[in-house]
Every structure is written in structure tokens, then in C-alpha cells.
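Here the structure is a predicted model, which is why all the values come from computation and not from measurement. Positions are given from 1 along the sequence.
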Amino acid sequence: IEYTRASLRLSTPSFLRRFRNKRGKGVNVTPSYDFIEGKARCVLSGDVGSTGRTRAVLRLDVDDSTLTLVRAIDGNKIVAPTISLQSGKIVYDYHLDLDVDGNESSKVGSSLRAHVDPSKGAILK
């Protein structure tokens, strides 16, 4: 065995139940272990808020753990800031889908990604 991974869904914690939405059926927990590199990782994710347009993803990793909040602004725009829990660096992702000619099958994926490092400034790509 080189790699193992499991996945389970836990019910929403009682202190978060008032924020639960129709889609949010709990928290997904996905632990994994790479036997070759000797690294463990666990990803916890779940919908947040009553609209179901926000998802929180906590990646617990030996090297660098991160927290990402993915927010669907509308059908074409998604923002997703990711915070490194170890270094404090923030990567801010903004995704925009462009509809070329009004045809759903001819959409072009376009995105803007901004890297924000509290110690160095901001870099747009």
C-alpha cells in the first residue's frame, strides 16, 4: 500500500445547526496518508449559511494547513480566499466564466488570481 484515503460525512455540529441550509447535510471529513512520503492530511469541508452559496474547506497538512472560503456570487462569479494557517499568506482567487455568444456550450473559463503576502505586498496574475 502506497496511499490510503477515507471519506465520511458527519452531521452538522449543534452550535452550527441554525446556519444549516437545505443542501448542507453536514461536514465531509477526508483523512489520507501517503506511506511513501510519510505525510498525513485531513480535509474538512461543508456548506455554510442558509443560501448554500458558501463552502468552507479546512486542509490540515503537515507542511502547510489552509482555510478556504468559496463563495458563489452568482452563476458566473466565484471568489475564494485561501489563508495559510502557518505563514499568514493569503491567496485570493476570483473566477469569472465568460459566455462567448450566449450559448452555454461555448463558455470560456477566465480567472483572475491575486496573491497577497502580508510581508511583501500584492501580485496580480
Side-chain angles (χ1 to χ4, degrees):
I1 298 176
E2 296 177 0
Y3 184 84
T4 185
R5 183 173 115 173
S7 181
L8 63 128
R9 181 182 287 274
L10 302 174
S11 63
T12 304
S14 60
F15 65 91
L16 291 177
R17 289 214 172 117
R18 70 180 192 155
F19 299 110
R20 184 173 51 190
N21 58 55
K22 294 175 184 165
R23 284 184 354 145
K25 303 289 187 202
V27 177
N28 292 322
V29 180
T30 309
S32 62
Y33 188 78
D34 186 334
F35 290 97
I36 295 174
E37 294 185 20
K39 291 186 178 181
R41 181 178 191 180
C42 186
V43 179
L44 292 91
S45 64
D47 292 339
V48 179
S50 60
T51 62
R53 297 186 326 184
T54 306
R55 177 175 270 299
V57 181
L58 177 62
R59 291 177 185 87
L60 301 173
D61 201 335
V62 174
D63 297 329
D64 189 18
S65 298
T66 60
L67 174 64
T68 303
L69 296 172
V70 181
R71 173 73 174 176
I73 297 172
D74 58 28
N76 295 330
K77 297 180 209 85
I78 298 173
V79 293
T82 299
I83 304 164
S84 168
L85 302 180
Q86 190 173 35
S87 67
K89 290 184 182 180
I90 300 171
V91 176
Y92 181 81
D93 290 311
Y94 177 76
H95 299 277
L96 173 65
D97 287 332
L98 299 175
D99 189 355
V100 177
D101 59 5
N103 186 356
E104 282 289 321
S105 64
S106 63
K107 278 194 169 185
V108 176
S110 172
S111 67
L112 170 69
R113 184 174 179 139
H115 292 275
V116 179
D117 182 342
S119 64
K120 296 181 183 175
I123 302 169
L124 293 176
K125 292 184 177 185

Walk me through whether Tyr33 and Phe35 qualify under ring pair (Phe, Tyr, Trp, His ring centres under 6.0 Å).
CA-CA 6 Å; Tyr33 188 78; Phe35 290 97; 4.8 Å; yes
Value rounded to 0.5 Å, distance of CG in Leu44 from CG in Leu60
6.0 Å
Any luck finding a side-chain donor-acceptor pair between Arg71 and Thr54 under 3.5 Å?
yes
One should read off an interatomic distance between Ile90 CD1 and Thr66 OG1, to the nearest 0.5 angstrom, of 12.5 Å
Can you confirm whether Tyr3 sits close enough to Ile36 that some side-chain heavy atom of one is under 4.5 Å from a side-chain heavy atom of the other?
no
Do the side chains of Val43 and Leu58 get nearer than 4.5 Å, heavy atoms only?
no
Are Arg59 and Thr68 close enough that some pair of their side-chain heavy atoms sits under 4.5 Å apart?
yes
Supply the atom-to-atom distance Asp47 CG to Asn28 CG, rounded to the nearest 0.5 angstrom.
8.5 Å
Point-to-point distance, once rounded to the nearest 0.5 Å, from CD1 of Ile83 to CG of Leu69
6.5 Å
Working to the nearest 0.5 Å, report the span between OG of Ser45 and CZ of Arg55.
4.5 Å
Output the distance between atom CG (Leu67) and atom CG (Leu85), rounded to the nearest 0.5 Å.
6.0 Å
Can a side-chain donor-acceptor contact be found between Thr30 and Arg5 if the only test is distance below 3.5 angstrom?
no
Which of these passes salt bridge (charged side-chain N to carboxylate O under 4.0 Å, His left out) with Lys39: Asp61, Asp64, Asp63?
Asp63
Are Cys42 and Val29 close enough that some pair of their side-chain heavy atoms sits under 4.5 Å apart?
yes
